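A short write-up of the structure that comes next.
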Amino acid sequence: MEKSEQPPEFVGWWEVMFYTRGGQSRDTEGIIERIHSDGRFEAYRNGVRIAAGRHVDFHTGPPGFTNVQQDHHLLGASARELAIYRFVGQTLEICKAPERDGRPDRFESVTGTSIVHIVIRRISDKDPRILN
């Protein structure tokens with residue numbers, strides 16, 4: 001399946017508030033992310049693009065979402081991820097893992113796992129950090 005459209009509530013600009021992989025926190029200061037309706041995404045830190053990729057299959061449904069992502073880290077390969085997510089106001093919280101590890105069952109990334117726990121907050125298209 002090659003359904004790359006993103007759910008409308010995911011599309012737009014986001015500020016990365018919190019990112020943990022395998023129980024290890026990462027520096028998120030200055031990182032914003034843009035999610036396009038066609039499945040493309042980019043991440044920027046202080047005006048410099050630091051990552052980009054494309055969801056080639058994305059669908060939501062109980063109990064979360066599934067996507068197949070083509071990513072620069074994977075050198076063009078595809079990786080299927082299973083995730084849970086929740087919206088609270090303008091904040092989106094996600095826990096995701098490679099399909100081989102199964103869908104996470106709680107919002108937590110534990111040391112020794114491949115689970116990513118991320119919190120992003122929607123920002124305005126007029127935010128001064130956004131480059132046109």
Side-chain angles (χ1 to χ4, degrees):
M1 177 199 277
E2 285 249 353
K3 184 179 131 191
S4 61
E5 300 88 19
Q6 301 296 290
E9 62 270 21
F10 287 17
V11 175
W13 283 97
W14 301 86
E15 175 181 20
V16 179
M17 307 299 296
F18 175 84
Y19 184 99
T20 302
R21 178 186 296 270
Q24 302 297 312
S25 292
R26 306 282 173 97
D27 176 20
T28 62
E29 187 172 342
I31 298 179
I32 60 175
E33 180 177 12
R34 183 175 187 185
I35 301 173
H36 299 268
S37 61
D38 66 1
R40 293 176 297 121
F41 60 90
E42 303 103 20
Y44 299 86
R45 182 190 292 268
N46 301 320
V48 176
R49 190 166 101 163
I50 60 172
R54 178 173 177 257
H55 297 288
V56 295
D57 173 11
F58 189 103
H59 62 277
T60 59
F65 71 76
T66 300
N67 71 60
V68 177
Q69 177 177 314
Q70 289 184 336
D71 187 299
H72 72 286
H73 295 296
L74 303 169
L75 303 175
S78 293
R80 187 172 168 95
E81 297 174 314
L82 303 176
I84 55 174
Y85 69 97
R86 63 182 167 201
F87 280 101
V88 178
Q90 295 298 306
T91 301
L92 171 60
E93 185 173 16
I94 299 169
C95 264
K96 63 183 183 174
E99 182 177 38
R100 71 177 182 275
D101 297 336
R103 189 178 307 276
D105 59 3
R106 62 186 181 275
F107 291 95
E108 179 181 22
S109 177
V110 179
T111 302
T113 69
S114 56
I115 295 174
V116 171
H117 181 200
I118 185 169
V119 176
I120 58 179
R121 181 176 59 204
R122 186 174 298 282
I123 58 176
S124 165
D125 290 346
K126 298 181 187 330
D127 189 290
R129 295 172 290 181
I130 297 171
L131 302 175
N132 295 318

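If you're wondering where the values come from, they're calculated on a predicted model, not measured in any experiment. Below, all heavy atoms of this structure are taken into account, side chains as well, without hydrogens, waters or symmetry copies.
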State, to 0.1 Å, how close [X] and [Y] come at their nearest heavy-atom pair, and which atoms those are.
X      : Y      : answer
Gly23  : Ser109 : N-OG, 2.9 Å
Ser37  : Val11  : CA-CG2, 3.7 Å
Thr28  : Arg45  : C-NH1, 4.3 Å
Ile130 : Ser124 : CD1-O, 3.1 Å
Ile123 : Trp14  : CG1-N, 3.9 Å
Ser114 : Pro98  : OG-CD, 3.3 Å

From CA spacing to verdict: side-chain contact (heavy atoms from CB on, under 4.5 Å), Ile84, Arg103: CA-CA 7 Å; Ile84 55 174; Arg103 189 178 307 276; 4.0 Å; yes
Side-chain heavy atoms of Thr113 within contact of Asp101, under 4.5 Å: no
Side chains of Glu108 and Val110 in contact at under 4.5 Å (non-hydrogen atoms): yes
CZ/Arg121: more than 12 non-hydrogen atoms of other groups inside 6.0 Å: no
Glu29 atom CD, neighbour heavy-atom count above 12 within 6.0 Å: no
Electrostatic pair Arg34:Glu42 at N-O distance under 4.0 angstrom: no
side-chain contact (heavy atoms from CB on, under 4.5 Å) between Glu81 and Ile94, intermediate numbers included: CA-CA 12 Å; Glu81 297 174 314; Ile94 299 169; over 6 Å; no
Test log, rule side-chain contact (heavy atoms from CB on, under 4.5 Å), inputs Gln6 and Phe41: CA-CA 10 Å; Gln6 301 296 290; Phe41 60 90; over 6 Å; no
Residues forming a ring-ring contact (aromatic ring centres under 6.0 Å, His included) with Phe18, sequence neighbours excluded: His117
ring-ring contact (aromatic ring centres under 6.0 Å, His included) involving Tyr85 - partner list, sequence neighbours excluded: Phe10, Phe65
Test applied, side chain to side chain contact (heavy atoms under 4.5 Å, CB included); reference residue, Trp13; option that passes from Ile120, Ile35, Asp125, Asp127: Asp125
Euclidean distance, Lys96 NZ relative to Ile118 CD1, rounded to 0.5 Å: 6.5 Å
Partner residues of Glu33 under the salt bridge (charged side-chain N to carboxylate O under 4.0 Å, His left out) criterion, sequence neighbours left out: none
